[in-house]
Number of protein chains: 2
Amino acid sequence: MIRVVLAEDQNLVRGALAALLSLEEDIEVVAEAADGEAAVAAALEHRPDVILLDIEMHPVDGIEATRRIRAALPGTKVMILTTFGRPGYLRRALEAGASGYLVKDSSPERLADGVRGVRAGRIVVDPALAVASLERGPDPLTDRERDVLRVAATGVAVTEIAKTLSLSAGTVRNYLSSAIAKTGTANRMEAALRARESGWL
Amino acid sequence: MIRVVLAEDQNLVRGALAALLSLEEDIEVVAEAADGEAAVAAALEHRPDVILLDIEMHPVDGIEATRRIRAALPGTKVMILTTFGRPGYLRRALEAGASGYLVKDSSPERLADGVRGVRAGRIVVDPALAVASLERGPDPLTDRERDVLRVAATGVAVTEIAKTLSLSAGTVRNYLSSAIAKTGTANRMEAALRARESGWL
DNA sequence: TGATCCATATGACAGATGTCATATTTCATA
DNA sequence: TATGAAATATGACATCTGTCATATGGATCA
């Protein structure tokens, strides 16, 4: 029997995935969690074989939860399950110690097979996404460029970004300029959108 | 027995929801679809009591599918099931003829209860969302303002927007200016984000 | 048949944005 | 320890953006 903890922030989807996994003879969902914090707690309490983590959870996301779980329970395998096939997400998930990465567009059979795969020690990754990750290359942005882009993505003006990050307006424009150059885009918004789609934010 | 057709574009979520609904004694999922087009076809073929529709599907979305299904099969009840609790979505869904609107953050029990509710002729809507919809008021944007905002949301410059929509650059700036005024925001990007969050795009 | 709104357009102006050159400080690393 | 990268800052310049006044033609509606 493979014991699984399931972490996903949308109640309905979480319940549905639990129902789906419960149809498998050899898989048992021993706990559910709605965010990263609760996922770590559930992992510590139940010591599952595999933990399924969504990435987009607040306040603690699936990547950070992966890091904490791998540190505390090296024997537990982590499988990421997310809507977004973003190269940067995959890279960060693997660096954080995940053994698997599935997008929610995968077929239901692949989920159960994936759980069995990581349990057996394999790395389970969508091949197309792995290729995209290599093609895109690593994140070229510095920490501050990322910070500035993240705030810029909300549409606020330079002076607002500067206030938010306690920087001078000129410095913010410098970071935006270099982020725009590195992403090969024409303005802050395209840079932010591109960085997001690459999984860098 | 309540016969249900389920339309949702993410395979894994669709399969999981089907598994969840199948746990109910009185509900039977008679067909699944991955987009609006297929949903309409499945509805015509299977004549279900209730059809569950995600909104975010391509190329035909859940709102458009609702319209077509209501026109062809007035007896079939439509329930929208979406990630986004956007007031404008709710309004448009009801105008298109939907009987229910649930966000994916709802509890699993509410899904089955909701299906029974719309089957019984009730309108099933999250009360908080209904209030938000009334507070926000109807979409104040003109067709062209919406068009321009949609393109602007991709981050491109005015000349690009103008080229895309076959307008002069000045006209585009006029529309952007009035959209910014109507949304009470400070620039095109905030206007686009706000319009999107309101469900106007 | 006016009144009003929408779609479209132009010109002018002030302010915001993106680029570039340049500079200091800190930190890691060869 | 010297080198380089990152974080931070300023000033200057050209271009882009948002606003406003104004105009025309079509649609709708009382």
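Per chain, numbering begins at 1; letters A, B, ... match sequence-line order.
Nearest to the side chain of Arg173(B), among dT19(D), dA9(D), dG18(C), sits dT19(D). Among the nucleotides dA21(C), dT8(C), dT17(D), the one closest to any side-chain atom of Asn174(A) is dA21(C). Looking at the side chain of Leu167(A), the nearest of the listed nucleotides dT17(C), dT8(D), dT19(D) is dT8(D). Closest contact between the side chain of Thr171(A) and the listed nucleotides dT19(C), dT17(C), dA9(D) involves dA9(D). Checked against dT17(D), dT8(C), dT19(C), the side chain of Tyr175(B) finds its nearest nucleotide in dT8(C).
A side chain to side chain contact (heavy atoms under 4.5 Å, CB included) with Tyr101(B) holds for exactly one of Thr82(B), Val118(B), Asp126(B); it is Thr82(B).
Atom-to-atom, CG of Leu176(B) to P of dC16(D) comes out at 15 Å; the value is rounded to the nearest Å. Whole-Å rounding puts the Leu141(A) CG to dA7(D) P distance at 11 Å. As rounded to whole Å, 16 Å separates atom C1' of dG18(C) from atom NZ of Lys182(A). Following rounding to the nearest Å, Leu165(A) (CG) and dA9(D) (C1') show an atom-to-atom distance of 15 Å. The nearest whole Å value for the distance from the CD1 atom in Ile180(A) to the P atom in dA16(C) is 17 Å. Taking atom CE of residue Met189(B) and atom P of nucleotide dG18(C), one finds them 12 Å apart after rounding to whole Å. Rounded to whole Å, atom P of dC6(C) lies 14 Å from atom CG of Asp147(B). Rounded to whole Å, atom P of dA28(C) lies 13 Å from atom CG of Asp143(A).
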side-chain contact (heavy atoms from CB on, under 4.5 Å) evaluation trace for Thr171(A) with Arg144(A) | CA-CA 10 Å; Thr171(A) 302; Arg144(A) 282 318 232 172; over 6 Å; no
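Each of Val156(A) and Ala169(B) was assigned the nucleotide of DNA chain C with the nearest heavy atom; the assignment lying further toward the 5' end belongs to Ala169(B). With the nearest nucleotide of DNA chain C identified for both Thr142(B) and Asn187(B), Thr142(B) has the one nearer the 5' end.
Ser177(A) has a side-chain polar atom (N or O) that falls below the 4.0 Å cut-off from OP1 or OP2 of dT19(C). For Arg144(A) and dT8(D), the shortest distance from a side-chain N or O to OP1 or OP2 is below 4.0 Å. Of the side-chain N and O atoms in Ser168(B), one or more sit less than 4.0 angstrom from OP1 or OP2 of dA9(C).
At least one donor-acceptor pair under 3.5 Å links the side chain of Arg3(A) to the backbone N or O of His46(A). Listed for the Arg14(A) side chain is a donor-acceptor partner under 3.5 Å among the backbone atoms of Glu8(A).
Among the heavy atoms of the strands lying under 4.0 Å from Ala157(B) are primed sugar atoms or P, OP1, OP2 only; no base atom is included.
Taking every heavy atom of both residues into account, Val156(B) and Arg188(B) meet most closely at O-NH1, 3.6 Å.
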